[in-house]
Every structure is written in C-alpha cells, then in structure tokens.
There are 2 protein chains.
Amino acid sequence: MTTRTEETGPSGAAYNAFLAVCPSRMLLDRLANKWVVLVLCALGGDAEKAPDVPAAPTALRYSELARLLSGVSQKMLTQTLRSLERDGLLTRTVVPTVPVTVTYELTDLGLSLLGVVRRLREWAQSHMDDVLAHREKYDARA
Amino acid sequence: MTTRTEETGPSGAAYNAFLAVCPSRMLLDRLANKWVVLVLCALGGDAEKAPDVPAAPTALRYSELARLLSGVSQKMLTQTLRSLERDGLLTRTVVPTVPVTVTYELTDLGLSLLGVVRRLREWAQSHMDDVLAHREKYDARA
DNA sequence: AGTGCCTACTTCCCAAAGGGAAGTATCGCG
DNA sequence: CGCGATACTTCCCTTTGGGAAGTAGGCACT
C-alpha cells in the first residue's frame with residue numbers, strides 16, 4: 001500500500017526517506033555523515049567548551065574547523081562545507097584580511113538541524129559505555 | 001576488547017567525538033549512516049504508517065526490513081543489523097518456523113537512539129523544500 | 001625584484017567502503 | 001530427490017574517503 005496521496009511535489013509533505021527515489025533519501029544520506037554532524041556541532045559551539053558553559057552558535061574559520069575536527073582531511077572538510085552551503089545550512093564569508101580568511105556560520109536552517117545532530121553526538125558520548133559493554137558480551141559469545 | 005581505560009572515564013562525560021582517537025568518534029561514524037537511521041526508524045514503526053497513527057516500535061523480519069528500506073542491498077542490510085546487534089541496539093531472534101525466520105527488535109538502548117534518529121529523518125523530510133530551494137539558488141549563482 | 005610564507009583550497013593516487021548479482025545453507029513437502 | 005522459501009554470504013566492480021603534495025594570491029622582508 002502506497003501511503004503517498006500525492007507525488008513528491010515541492011509543496012506537499014509527501015517526502016518519504018524510506019523510498020530510494022525520494023529526494024529526502026538523498027538528503028538523509030548527506031546529513032547522516034560523521035563530518036556533517038561534527039561541522040554542525042562545531043559551528044554550534046559544542047567543541048572546546050567548559051562543561052558548565054552552555055554551547056552557543058559561533059562563526060568559525062576554515063582553519064579553526066580543521067583544528068577542532070581532528071582527523072578531517074582538508075579535502076573532506078572543504079567538500080562537506082560546500083555541500084552544507086549549497087543546501088543552505090551555513091554561510092561562507094570571505095574576509096579580505098592580510099592572508100584571506102573564510103568564516104562559516106550556521107543559518108537558521110542549519111540551527112534547526114543543529115538541534116537534531118547535537119543530540120546524536122551527545123547520545124554517542126553518553127551511551128558509549130553501554131555500547132562498549134554490549135560489544136564485549138557479543139564478541140565473547142561469538 | 002581491552003580498551004576500557006580510565007582516561008576517557010566510564011562514568012563521566014569525558015568522551016569527546018571531536019577527537020579522532022575517542023571511541024565515541026567511531027561510534028558516531030557508525031550511527032551517522034543512512035541505513036542505520038532507516039533500520040532504526042523502521043523498527044520504530046515509522047514506515048508505512050497512516051499519517052494520523054502514532055508510530056509504535058515493532059519487531060520486523062529480515063525480509064520485511066528489506067522491503068521497507070527500498071534500495072538496500074542484502075549485504076548492507078545484514079551488515080547494518082549485525083553491527084547494531086553487536087552494539088546492543090537491537091536483538092536478533094531466530095524463529096524455527098517452516099523456513100527459518102529471523103526477527104529484529106529494538107532494545108531499550110535502541111529505543112533511546114530511535115528518539116534521536118527519528119528526528120533526523122523527519123527533519124530531512126520536512127525541510128526538503130527549503131534545501132531544494134537553496135540548491136537552486138546556489139547552482140544558479142555558480 | 002625576488003623569495004618566502006600564510007591561508008584556503010585543489011588535484012592526484014590509492015585503499016576502503018558500498019552496491020549488484022549470483023551462490024550457499026537449511027529445512028519441510030510432495 | 002528435487003523444489004521453494006528465507007536469510008544470509010561471496011565475488012566483483014564502482015564509488016567514496018583519506019593522505020599528501022601542489023596551487024593561488026597577496027603581503028612582508030631583504
């Protein structure tokens with residue numbers, strides 16, 4: 001039974017990520033990504049903060065992002081930032097300083113997604129011990 | 001297997017997914033994945049439901065999952081289910097029916113993650129139009 | 001004038017992951 | 001004894017991701 005009353009048109013809420021052909025499936029594939037989550041969290045101010053200080057969104061330079069997201073290659077960082085800019089989740093601003101600097105900042109759309117991905121990262125961190133315990137049991141049994 | 005060090009602190013919030021070496025980084029990489037999100041949502045009852053019916057978690061068979069997640073290969077489905085089982089997010093139950101059937105069901109841990117990834121899928125679907133609009137503007141400019 | 005340095009990319013190359021299709025194992029039935 | 005059904009598993013090839021090196025462009029120093 002097909003639950004869509006209308007095709008995946010631009011105005012309806014008929015998008016369904018379970019369908020391979022739906023645009024939201026491709027969007028989900030983009031967003032459900034390690035670097036996307038970390039870039040958004042970094043621009044959300046989640047990195048390098050004191051435990052008691054609530055995270056506040058902040059603009060960051062390319063080099064700052066590269067430093068915060070340890071292990072990211074320049075290629076992937078650029079690629080991730082470009083796709084997020086294209087999708088309207090962040091803005092890219094070139095500042096004509098001495099050596100040119102570029103800053104990235106979340107848009108309102110990006111901020112609304114931040115609320116979601118932030119929880120994903122927090123979940124991973126707060127449930128890490130549970131997961132590790134399960135893995136040990138699983139690996140011991142097998 | 002032996003990596004439960006005190007440096008990351010099993011009880012504290014010392015895990016930090018921004019660090020490449022932190023276990024939670026690897027966990028985030030696993031969870032921030034198209035198929036993980038869709039499997040969890042499917043087992044959460046989000047697929048093929050009428051719009052007014054609230055989603056309720058449900059056990060699903062392998063073949064049911066394969067049908068709901070259109071486009072998934074058997075290989076990736078099996079791989080995703082195995083890793084989620086290993087991490088304690090779902091249970092795998094072999095039912096010795098005529099041809100053997102296997103059912104998958106979310107654990108409490110999986111249910112707590114469902115609350116997060118469900119919002120990710122919902123975000124992708126509900127903001128699809130915004131994203132598409134931004135893409136058109138971006139592509140027209142470039 | 002030229003050399004070097006800084007930031008922010010871009011390109012090249014290779015290894016790893018993902019996808020498609022076909023093969024395997026097990027069981028009961030006719 | 002072969003058939004069909006379910007749930008994988010394996011093989012092979014394409015795509016993606018990562019590491020390292022190269023590019024652009026402007027200023028500063030000698």
Side-chain angles (χ1 to χ4, degrees), chain A residues 17-22 25-39 42-43 59-86 90-105 138 142, chain B residues 17-22 25-39 42-43 59-87 90-105 138 141-142:
Chain A
F18 281 105
L19 304 173
V21 293
C22 183
R25 162 69 72 90
M26 278 172 279
L27 181 58
L28 180 62
D29 197 22
R30 282 281 177 84
L31 303 181
N33 171 312
K34 181 177 47 174
W35 299 126
V36 168
V37 171
L38 289 175
V39 164
L43 292 174
L60 289 176
R61 295 178 44 188
Y62 180 88
S63 55
E64 291 174 316
L65 283 167
R67 182 170 37 80
L68 290 175
L69 277 59
S70 82
V72 71
S73 66
Q74 292 182 319
K75 174 182 146 186
M76 284 314 296
L77 182 55
T78 301
Q79 204 174 97
T80 303
L81 290 168
R82 282 284 190 287
S83 77
L84 292 178
E85 184 197 4
R86 188 171 103 102
L90 53 79
T91 57
R92 177 179 182 271
T93 309
V94 178
V95 185
T97 47
V98 191
V100 65
T101 56
V102 182
T103 62
Y104 296 89
E105 191 166 17
Y138 183 93
Chain B
F18 282 105
L19 304 173
V21 293
C22 183
R25 163 68 74 87
M26 278 172 280
L27 181 58
L28 180 63
D29 197 21
R30 282 281 177 85
L31 302 180
N33 170 314
K34 181 177 47 173
W35 299 126
V36 168
V37 172
L38 289 174
V39 163
L43 292 174
L60 289 176
R61 296 177 44 187
Y62 179 89
S63 54
E64 291 174 318
L65 283 167
R67 182 171 37 80
L68 290 175
L69 277 61
S70 84
V72 72
S73 66
Q74 292 183 318
K75 174 182 150 187
M76 283 314 295
L77 181 56
T78 301
Q79 203 174 99
T80 303
L81 290 169
R82 280 285 189 287
S83 77
L84 292 177
E85 184 197 3
R86 187 170 103 101
D87 290 351
L90 52 79
T91 57
R92 177 178 180 272
T93 309
V94 177
V95 185
T97 48
V98 192
V100 65
T101 58
V102 182
T103 63
Y104 296 90
E105 192 166 16
Y138 183 93
R141 234 177 330 108

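Throughout, a chain's letter reflects where its sequence line sits, starting with A, and its residues are numbered from 1. Every value quoted in this text rests on a predicted model; they were computed, and no experiment measured them.
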From CZ of A:Arg67 across to C1' of C:dC6 the rounded distance in Å is 16 Å
Here the distance between atom C1' of C:dG20 and atom CG of B:Leu77, to the nearest Å, is 15 Å
The side chain to side chain contact (heavy atoms under 4.5 Å, CB included) partner of B:Trp35 among B:Thr80, B:Leu65, B:Leu84 is B:Thr80
Taking [X] for the side chain and [Y] for the main chain, is one N or O donor matched with an acceptor at less than 3.5 Å?
| X | Y | value |
| --- | --- | --- |
| A:Arg25 | B:Ser70 | yes |
| A:Glu64 | A:Arg61 | yes |
| B:Tyr138 | A:Ser83 | no |

Shortest non-hydrogen pair, A:Val72 vs A:Ala66, comes out as CG1-O, 4.1 Å
Under a 4.0 Å heavy-atom criterion, the protein footprint on nucleotides 3-17 of chain D, written with B, S and -, is --BSSBBBB-----B
